[in-house]
Trainee: 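Handing you a structure now.
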Protein chains: 2
Amino acid sequence: MDKTKRTRLEAAGWRVGDASDFLELTAEEAAFVELKIALADYLRDIRVQHGWTQTYVARALGSSQSRVAKMEAADASVSVDLLVKSLLTLGASRKQVGQVIARAA
Amino acid sequence: MDKTKRTRLEAAGWRVGDASDFLELTAEEAAFVELKIALADYLRDIRVQHGWTQTYVARALGSSQSRVAKMEAADASVSVDLLVKSLLTLGASRKQVGQVIARAA
DNA sequence: CGAGGATATGTCAGATACGACATACGCGTC
DNA sequence: GACGCGTATGTCGTATCTGACATATCCTCG
């Protein structure tokens, strides 16, 4: 497995199986996490392209800077729900969100 | 607004503003609900096409028949998270999920 | 080297979503 | 009508997610 991707997945809190120091995900779990990461990256792209800070986005979403940071990191504590809602609130269209999800890893 | 769609939205628990008997959603809220309904419909399509019962699907997902019913109804108590995870578990690809979301209403 | 702004990480109380169960509804078949 | 099967709806205890706060890390500019 790609090293940075593995780190990314671990950072997202998806270390599975305490006994093993390896990352074991079923195909669906992996697909789900990758999907989440794609949305997270898209959120960051939108923010950076507009030159916004996490604090600014947080205010726009009625949330906090720390949560925005976790969203962008695809932290295990953030749901796809929150990511999608946030993207829509920031102006992304349903179509764009779908395309981001559909795009192959 | 289309009548069946309105009923659908109300059924989904999105009646907003207790004082008004009308459905008032911001553009993002509307997009979010429609997105959810699209996933819900897709879930039902997959189930029906395979000739599965809700009970069977529930067992496959490690859930209950009532929750599957609520998923298909795009009930307010089900998250996009759950819908996406369920679709992936039932064999849908990330790409298919994205296409369903991207498809215009 | 600070200082200050931006981002990351850890934690927590309150909010929400979860599976499960009970029960109601619809619709065939007898 | 009464049963059986599938689906819908309501509720509940628990698990997970959320915004908020504190604090740490990372840059860049002076």
Side-chain angles (χ1 to χ4, degrees), chain A residues 4 7-16 28-29 32-33 35-37 39-90, chain B residues 4 7-16 28-29 32-33 35-37 39-90:
Chain A
T4 54
T7 307
R8 193 75 192 281
L9 289 171
E10 290 178 338
W14 276 88
R15 171 172 274 119
V16 175
E28 305 97 64
E29 285 170 341
F32 183 75
V33 174
L35 185 155
K36 221 163 113 172
I37 291 178
L39 291 175
D41 288 346
Y42 187 45
L43 180 66
R44 169 159 288 169
D45 285 349
I46 291 178
R47 180 179 66 80
V48 171
Q49 276 182 15
H50 285 81
W52 294 333
T53 66
Q54 290 181 345
T55 303
Y56 175 84
V57 169
R59 213 157 279 169
L61 298 177
S63 182
S64 60
Q65 178 269 327
S66 58
R67 189 132 297 271
V68 173
K70 281 164 196 182
M71 285 189 220
E72 294 186 355
D75 188 278
S77 81
V78 323
S79 67
V80 169
D81 256 90
L82 184 62
L83 284 167
V84 170
K85 277 184 192 165
S86 300
L87 286 169
L88 293 175
T89 301
L90 292 184
Chain B
T4 53
T7 307
R8 193 73 191 284
L9 288 170
E10 290 177 338
W14 276 88
R15 172 173 272 117
V16 174
E28 304 97 64
E29 286 169 342
F32 184 74
V33 174
L35 185 156
K36 223 164 108 170
I37 291 178
L39 292 175
D41 288 346
Y42 187 46
L43 181 65
R44 168 158 289 167
D45 286 349
I46 291 178
R47 179 178 66 81
V48 172
Q49 276 182 15
H50 284 81
W52 295 333
T53 67
Q54 289 181 347
T55 303
Y56 175 84
V57 169
R59 211 158 281 169
L61 299 177
S63 183
S64 60
Q65 178 269 328
S66 58
R67 190 133 295 272
V68 173
K70 282 164 196 182
M71 283 189 222
E72 294 186 356
D75 188 278
S77 81
V78 324
S79 67
V80 169
D81 257 273
L82 185 61
L83 284 167
V84 170
K85 276 184 192 165
S86 300
L87 286 170
L88 293 175
T89 301
L90 293 184

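Each chain gets a letter, A, B and so on, in the order the sequences are listed, and its residues count up from 1. Only a predicted model underlies this, so the values are computations on that prediction, with no experimental measurement involved.
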Trainee: Which heavy-atom pair separates A:A58 from A:S64 by the least distance, and what is that distance?
Mentor: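 So the minimum-distance heavy-atom pair works out to CB-C, 3.3 Å.
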
Trainee: What integer distance in Å separates A:Q65:CD from D:dA24:P?
Mentor: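 The answer, rounded to whole Å, is 15 Å.
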
Trainee: With a 4.5 Å limit on heavy-atom distance, are the side chains of A:L43 and A:R47 in contact?
Mentor: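 Of all side-chain heavy-atom pairs linking A:R47 with A:L43, none is under 4.5 Å.
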
Trainee: For residues B:A60 and B:T89, report the shortest heavy-atom separation together with the two atoms involved.
Mentor: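 Nearest heavy atoms, B:A60 then B:T89: O-CG2, 4.2 Å.
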
Trainee: Is there side-chain contact between A:R67 and A:Q54, with heavy atoms separated by less than 4.5 Å?
Mentor: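 Heavy-atom side-chain distance check fails, nothing below 4.5 Å.
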
Trainee: Side chain of B:K70 only, please: which of D:dA8, D:dT18, D:dT11 is the nearest?
Mentor: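 Of the candidates, D:dT11 comes closest.
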
Trainee: What are the two closest non-hydrogen atoms of A:A74 and A:I37, and how far apart are they?
Mentor: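 So the two residues come closest at CB-CG1, 3.8 Å.
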
Trainee: Working to the nearest 0.5 Å, report the span between CD of B:E28 and CG of A:L87.
Mentor: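 Between atom CD of B:E28 and atom CG of A:L87 there are 11.5 Å.
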
Trainee: Nearest to the side chain of A:A69, which nucleotide is it out of D:dT18, C:dA17, C:dA8?
Mentor: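 Of D:dT18, C:dA17, C:dA8, C:dA8 is nearest to the side chain of A:A69.
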
Trainee: Can you tell me if B:S79 touches the phosphate of C:dC18, counting only side-chain N or O atoms and a distance under 4.0 Å to OP1 or OP2?
Mentor: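 So the side chain of B:S79 is within the cut-off, an N or O lying under 4.0 Å from OP1 or OP2 of C:dC18.
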
Trainee: Please classify the nucleic acid contact of B:S64 as base, sugar-phosphate, or nothing, using heavy-atom distances under 4.0 Å.
Mentor: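 Base contact - B:S64 has a heavy atom under 4.0 Å of at least one base atom.
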
Trainee: Would you indicate what B:V78 reaches in the nucleic acid, counting non-hydrogen atoms under 4.0 angstrom: base, sugar-phosphate, or nothing?
Mentor: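 Counting heavy atoms under 4.0 Å across all strands, the contact made by B:V78 is with sugar-phosphate only.
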
Trainee: Can you tell me if the side-chain N/O atoms of A:S63 get under 4.0 Å from OP1 or OP2 in D:dG19?
Mentor: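 Yes, A:S63 has a side-chain N/O under 4.0 Å of OP1/OP2 on D:dG19.
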
Trainee: Shortest non-hydrogen contact from B:S77 to B:D75?
Mentor: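 Closest heavy-atom pair between B:S77 and B:D75: N-OD1, 2.6 Å.
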
Trainee: Nearest whole Å is fine: how far is C:dA6 C1' from A:R67 CZ?
Mentor: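 Rounded to the whole Å, the gap is 19 Å.
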
Trainee: Of the options D:dG19, D:dA20, C:dA20, whose atoms approach the side-chain atoms of A:S66 most closely?
Mentor: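 Closest of the options to the side chain of A:S66: D:dA20.
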
Trainee: Rounding to a whole Å, what distance do you find between A:D75:CG and C:dT11:P?
Mentor: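 My rounded result for the distance is 12 Å.
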
Trainee: Looking only at the side chain of A:Q54 (C-beta and beyond, no hydrogens), which of the listed nucleotides C:dT7, C:dG10, D:dT11 gets closest?
Mentor: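 Between C:dT7, C:dG10, D:dT11, the one nearest the side chain of A:Q54 would be C:dT7.
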
Trainee: Expressed in angstrom and rounded to an integer, what is the separation of A:K85 atom NZ from C:dA17 atom P?
Mentor: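 Distance check: A:K85 NZ to C:dA17 P gives 6 Å.
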
Trainee: May I have the distance from A:E72 (atom CD) to C:dT7 (atom P), rounded to whole angstrom?
Mentor: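 After rounding, the reported distance stands at 7 Å.
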
Trainee: Can you tell me which nucleotide in C:dG19, C:dA6, C:dT11 comes closest to the side chain of A:T53?
Mentor: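 Looking only at heavy atoms from C-beta outward on A:T53, the closest nucleotide is C:dA6.
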
Trainee: Rounded to whole Å, how long is the line connecting atom CG of B:L83 with atom C1' of C:dG19?
Mentor: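 Answer to the nearest Å: 15 Å.
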
Trainee: Quickly work out the B:D81 CG to C:dT16 P distance and round it to whole Å.
Mentor: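 Atom CG in B:D81 sits about 16 Å away from atom P in C:dT16.
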
Trainee: Classify the ring geometry of A:H50 against A:W52: parallel below 30°, tilted from 30° to 60°, perpendicular beyond 60°.
Mentor: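 A:H50 and A:W52: parallel rings.
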
Trainee: Under a 4.0 Å heavy-atom cut-off, which of residues 43-52 of chain B touch DNA chain D?
Mentor: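 Under 4.0 Å from DNA chain D: B:R44, B:R47.
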
Trainee: Using a 4.5 Å cut-off on heavy atoms from C-beta on, say whether the side chain of B:M71 contacts that of B:L61.
Mentor: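 A side-chain contact exists here, since the closest heavy-atom pair is under 4.5 Å.
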
Trainee: Within the structure provided, determine whether A:V80 and A:F32 are in side-chain contact (heavy-atom separation under 4.5 Å).
Mentor: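 A side-chain contact exists here, since the closest heavy-atom pair is under 4.5 Å.
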
Trainee: Over its full length, what angle do the end axes of the helix from C:dC1-D:dG30 to C:dC30-D:dG1 make, each axis taken from five pairs and the result rounded to 10 degrees?
Mentor: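 Both end axes considered, the difference amounts to 30°.
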
Trainee: Atom CG of B:L82 and atom C1' of C:dT16: how far apart are they, to the nearest Å?
Mentor: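 My rounded result for the distance is 13 Å.
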
